[in-house]
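One structure is given below, encoded as structure tokens.
Keep in mind that what you see is a predicted model, and the values were worked out from it rather than measured.
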Amino acid sequence: MLIMYKLKGIYIGLCYCGNKIGKPALYLDVYGCNRKCNYCIQNYFHKNDIYDSTRYITYGINELLFIISEFNYKNIIIGGSGEPTIQDFSELINILNNANYNVIIETNGKKYSKDLELCDTIIFNIKTFSAGTPYTKRDDMDWYKSKFDKCIFTCTIKNMKDIDYLVDNFSDYDLWLFLEFDELDFNPYLEKILNYDNWRICLRMDRILNLDFKSVHNKRGDLNGRETTSISSI
Ligand code: SF4
């Protein structure tokens, strides 16, 4: 069966955690998700829970491989603002592995997929209070941690309830934290976070530096205001 992949687009960015942090990567920005986080930037498609074909591009594997081969990036990140485990990326990942790419996959941990086993690194995004979806459970995290050597745990922090949930459940975990506070006074949050030596605060250098990454291809043509080109012009 010919597998087609639903993506919102492909863009160039930076690895934002793990041992590849700061290195350039090609992001395959997956369309669709099995959660509905309050802070999700792709909320536009949550409005009616229907997959809207005007919002994604369907790529065949050869098309994707052609685009990837046009760039000199060895880090390929499957995720972006979508959940890869609800599609089957195994064929693509296997080919990329054989060609010595470093494949990183992002997941919200809700659905298990064999694709995770094929990747060099899994970035597991913990859900807490501000996500507004069922919280990530300690049992799930423990299971991922025991099964995968290269599993990185990240979490978006917006308020004190998020921090409290992490303190109660994951204080012993190595966590990469993205600070997106609702309030401007960071100090009470930082005082609490900095109590945990195994937690790190992630700085999104692409956002801090306002780097204008080039969107290689997308259908909406307005992905973060980035420049777009069509496949035919690559
Ligand atoms: S898990 Fe990620 S992609 Fe899915 S709704 Fe939440 S923020 Fe969006």
Nearest 0.5 Å, please: how far is SG in Cys15 from CD1 in Ile152? 9.0 Å
Rounded distance (nearest 0.5 Å) linking atom CG of Leu118 with atom OG of Ser113: 8.0 Å
Test side-chain hydrogen bond (donor to acceptor under 3.5 Å, both in side chains) on Tyr173 and Asp142; report intermediate values, then the result. CA-CA 10 Å; Tyr173 260 77; Asp142 288 346; 2.7 Å; yes
Applying side-chain contact (heavy atoms from CB on, under 4.5 Å) between Ile157 and each of Thr128, Ile201, Leu166, report the one that passes. Leu166
Spatial distance of atom CG (Asn72) from atom CG (Leu26) [nearest 0.5 Å]: 11.0 Å
Side chain to side chain donor-acceptor pair (under 3.5 Å) partner of Ser130, the single match among Asp162, Thr156, Asn159, Asn38: Asp162
Criterion side chain to side chain contact (heavy atoms under 4.5 Å, CB included) on Glu106 and Ile77, from CA distance to verdict: CA-CA 7 Å; Glu106 300 173 308; Ile77 301 183; 3.8 Å; yes
Less than 4.0 Å between a side-chain N and a carboxylate O, is that true for Asp172 and Arg138? yes
Shortest non-hydrogen separation from Lys158 to Glu180 and the atoms involved: CG-O, 3.3 Å
Going from NZ on Lys127 to SG on Cys37, what distance comes out if it is rounded to the nearest 0.5 angstrom? 3.5 Å
Does the side chain to side chain contact (heavy atoms under 4.5 Å, CB included) test come out yes or no for Asp115 and Thr85, once each step is laid out? CA-CA 7 Å; Asp115 291 0; Thr85 60; over 6 Å; no
Contact summary for Arg35 and Thr133, nearest pair of heavy atoms: NH1-OG1, 3.0 Å
Minimal heavy-atom distance between Met160 and Tyr189, with the atoms involved, is N-CE2, 3.4 Å
Which heavy atom in Leu7 sits nearest to a heavy atom in Val30, and how many Å separate them? CD2-CA, 3.9 Å
Compute the centroid of each ring, for Phe178 and then for Tyr16, and state whether the two points are separated by less than 6.0 Å. yes
Which distance, rounded to the nearest 0.5 Å, do you find between the CD1 of Ile104 and the NZ of Lys20? 7.5 Å
Going by heavy atoms in the side chains, are Tyr5 and Glu91 under 4.5 Å from each other? yes
Please check if the number of heavy atoms outside Asn198 that lie under 6.0 Å from its CG is greater than 12. yes
In short, Trp199 meets Ile193 closest at the heavy-atom pair CE3-O, 4.0 Å
Hey, what do you get for CG (Leu64) to CE (Met4), rounding to the nearest 0.5 Å? 9.0 Å
Is it true that the NZ or CZ of Lys6 lies under 6.0 Å from the centre of Tyr56's six-membered ring and within 45 degrees of the ring axis? yes
What heavy-atom pair brings Lys147 and Tyr112 nearest, and what distance separates the two atoms? CE-OH, 3.2 Å
Can you tell me if Asp168 has over 12 outside heavy atoms packed within less than 6.0 Å of its CG? yes
Under a 3.5 Å distance rule, please check whether Gln87 uses its side chain to pair with a backbone N or O of Gly32 as donor and acceptor. no
Taking salt bridge (Lys or Arg N to Asp or Glu O under 4.0 Å) as the definition, give me every residue that meets it alongside Lys111, ordered by chain and number, with sequence neighbours left out. none
4.5 Å side-chain heavy-atom contact, Ile68 and Tyr101: yes
Minimum side-chain heavy-atom gap Phe71-Ile10 below 4.5 Å: no
Relative to the ring of Phe124, is the ring of Tyr144 parallel (under 30°), tilted (30 to 60°) or perpendicular (over 60°)? perpendicular
Charged N-O contact under 4.0 Å between Lys192 and Asp164: yes
Do Phe153 and Thr136 come within less than 4.5 Å of each other through their side chains, counting heavy atoms only? no
Could you go through the side chain to side chain contact (heavy atoms under 4.5 Å, CB included) check for Asn97 and Asp120 one step at a time? CA-CA 9 Å; Asn97 283 342; Asp120 292 290; 4.1 Å; yes
Evaluate the side-chain proximity of Ile126 to Asn169: yes if any heavy-atom separation is below 4.5 Å, no if none is. no
When you look at Leu175 and Arg200, which way does the side chain to side chain contact (heavy atoms under 4.5 Å, CB included) test go after all the steps? CA-CA 6 Å; Leu175 301 181; Arg200 333 162 193 227; over 6 Å; no
Tell me if the centroids of the rings in Tyr11 and Tyr27 come within less than 6.0 Å of each other. yes
Assess the residue pair Tyr165 and Tyr135 against the criterion (ring-ring contact (aromatic ring centres under 6.0 Å, His included)); give the C-alpha distance rounded to whole Å, side-chain angles, the decisive distance to 0.1 Å, and a yes or no. CA-CA 9 Å; Tyr165 185 71; Tyr135 296 2; 4.7 Å; yes
